[in-house]
J.: 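Pasting a structure below so you can have a look.
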Number of protein chains: 2
Amino acid sequence: MIRPAGNEPEAPESAATLHDLVVGQLRNILLEGEFAAGRRIPEAELCARFGISRTPLREALKVMAAEGLVTLRPNRGAVVTPIDATAIGPIFELKGALEGLIGTLAALRANDAAMTALEEHHHALGEALSRRDQNAYTRLNYAFHQLLAQATGNPLLAQNYEALQQKIWRYRFAVNEFDERLVTSYQEHEHIMVALRARARLDLAERLQEHNRLTGEAMIRAFAEIAEHNPRSKKEKSA
Amino acid sequence: MIRPAGNEPEAPESAATLHDLVVGQLRNILLEGEFAAGRRIPEAELCARFGISRTPLREALKVMAAEGLVTLRPNRGAVVTPIDATAIGPIFELKGALEGLIGTLAALRANDAAMTALEEHHHALGEALSRRDQNAYTRLNYAFHQLLAQATGNPLLAQNYEALQQKIWRYRFAVNEFDERLVTSYQEHEHIMVALRARARLDLAERLQEHNRLTGEAMIRAFAEIAEHNPRSKKEKSA
DNA sequence: TGCCGTCATTTTGCATTCATTTTCACCAAA
DNA sequence: TTTGGTGAAAATGAATGCAAAATGACGGCA
């Protein structure tokens, strides 16, 4: 879904049916943040852009709504699901459980092809870090963890894991601001690779859960700071 | 979604929009197994039954397809996703990770209302067992575990957990045949309740994971037996 | 100036229509 | 009998049409 680098040609991505294609493109648009959170999704504009009528677009919107990326307001159209800082905790809490399972299974089942791809991504992460390229780092990080989830050989796990990653993806802008997290994140990745190479499943599971916990806490902290510097939380407007 | 007892009035269940209503009813129909796995879903019949046109029905079908309960074949209609014994393992594998988290969190966070509801369901489970009422037992079991997931206070967790429960639900007929599992299942539930009452989170997590593992293994064994007694697996037909 | 009610415009939700594709009964030929 | 072709009927996928609701501009009035 998300390319490592920042160049997305908004490609069909080999979708067989029009429905899959529309869902895929709509997902890309939402994940890339083209429409700000809370903004109303313009049916007519997207229809024109995709060259389709409203029927298939609305079908795609219902699917995205079921996933939670879109919120449907009866008779009032679809909006990009608003940013909700309180949603972050539960997502990371759940993701932590999956990370544990991913660590256990990946250590047991990752094959050579998966290991090669993971090593490559890990290497690229290091390079992105040295370039201080946050955008590349974030995307490579997404891809790395997705590869690890796929290396478990449990497609259902990989699929649920990606759904959670996508939920978080929209919040990445907050944590990107604080790039000292990037350095510690990479250090955690080094430890993850050590455990993975050694096929140390308990260790790998723990490392991944810890990595998840720290990432989540950093993100929650970042949002708290944003809220502090931007105290429009209550009913004050003029102040 | 699923009522403890076997009587479903196919109720609207307080859905605000027509879309939610259709999705809910369609889900009930699929979960109740009204249409056999692999059977084609008759659009026209359901439209007449719900008193709606094809547009909202098809929107609901796309949503159910995204969840995996329905499979969409291009130009060839929707079918109830066929039974696939190889899908059971991955589902229980993933569910195990969630059970662990549910145990940890429920022990910490279950409030009085949740505890009361869980005790009641546990009691009803015992009664269903003594009546050898497999149908009631299975439904109460579903509701019990769903309550426990909700008791974690993490709605996302409860939602993902229910999605997994629904995936398994269609396979219950296989394991229902072997009701010695019911007795051991209830014994496991007794231990689960002991750990829950004691708020012993590590113990509860372990008990739940073990319960999940044993249930999954029983189901896989049941399917293996079915396959053995019914060896149409390969390309033999006359034999 | 600020607030509220009215009406035209836009948007939404669903039904209906239409072009394609598939299905299947029927029949001819091997 | 079995295989393969033919065409009518049915089903699918998507566009269009239409009634109901929401939006927003306008003007009256305090």
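Residue numbers start from 1 in every chain, and the chains themselves are labelled A, B, ... in the order their sequence lines are given, proteins ahead of strands.
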J.: Hey, does the side chain of B:Arg58 come within less than 4.0 Å of D:dA11's phosphate (OP1/OP2), counting only N and O?
T.: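 No, outside the criterion.
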J.: Separation of A:His19 atom NE2 from D:dG13 atom C1', in whole Å?
T.: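 Nearest whole value for this atom pair: 12 Å.
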J.: DNA chain C: B:Glu59 or B:Arg54, which has the more 5' nearest nucleotide?
T.: B:Glu59
J.: In whole angstrom, what separates B:Glu43's CD from C:dT16's P?
T.: 15 Å
J.: Can you confirm whether A:Gln165 sits close enough to A:Trp169 that some side-chain heavy atom of one is under 4.5 Å from a side-chain heavy atom of the other?
T.: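 With C-beta onward as the side chain, the pair stays apart.
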J.: Are the side chains of A:Val79 and A:Ile41 in touch, meaning some heavy atoms are under 4.5 Å apart?
T.: no
J.: With respect to the phosphate group of C:dT12, does any side-chain polar atom (N or O) of A:Arg40 fall under 4.0 Å of OP1 or OP2?
T.: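 Yes, such a contact exists.
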J.: Using only heavy-atom distances, decide whether a donor-acceptor pair under 3.5 angstrom links the side-chain of B:Thr55 to the base of C:dA15.
T.: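 Indeed, a donor on one side and an acceptor on the other fall under 3.5 Å apart.
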J.: What integer distance in Å separates A:Leu18:CG from C:dA19:C1'?
T.: 15 Å
J.: Side chains of A:Arg40 and A:Val80: does their closest heavy-atom pair fall under 4.5 Å?
T.: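 No. Closest side-chain heavy atoms not under 4.5 Å.
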J.: Any donor-acceptor pair under 3.5 Å joining the side chain of A:Arg76 to the base of C:dG13?
T.: no
J.: Under 3.5 Å, is there a donor-acceptor pair between the B:Arg181 and B:Thr215 side chains?
T.: yes
J.: Between C:dG13 atom P and A:Ile41 atom CD1, what is the distance in whole Å?
T.: 12 Å
J.: Could you give the CG-to-C1' distance, from B:Leu21 to C:dC14, as a whole number of Å?
T.: 14 Å
J.: In whole Å, I'd like the distance from the CZ atom of B:Phe50 to the P atom of C:dG13.
T.: 20 Å
J.: Atom CZ of A:Arg73 to atom P of C:dT11: distance rounded to whole Å?
T.: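 Computing the A:Arg73:CZ to C:dT11:P distance gives 13 Å.
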J.: Between B:His145 and B:Tyr161, what is the ring plane arrangement, given parallel below 30°, perpendicular above 60°, and tilted in between?
T.: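 The rings of B:His145 and B:Tyr161 sit tilted, inter-plane angle from 30° to 60°.
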J.: Please state how far atom CG in B:Leu57 lies from atom P in D:dA14, giving the value in whole angstrom units.
T.: 15 Å
J.: I want to confirm an ordering. Mapping B:Ala44 and A:Asn75 to their closest nucleotides on DNA chain D, which one lands closer to the 5' end?
T.: B:Ala44
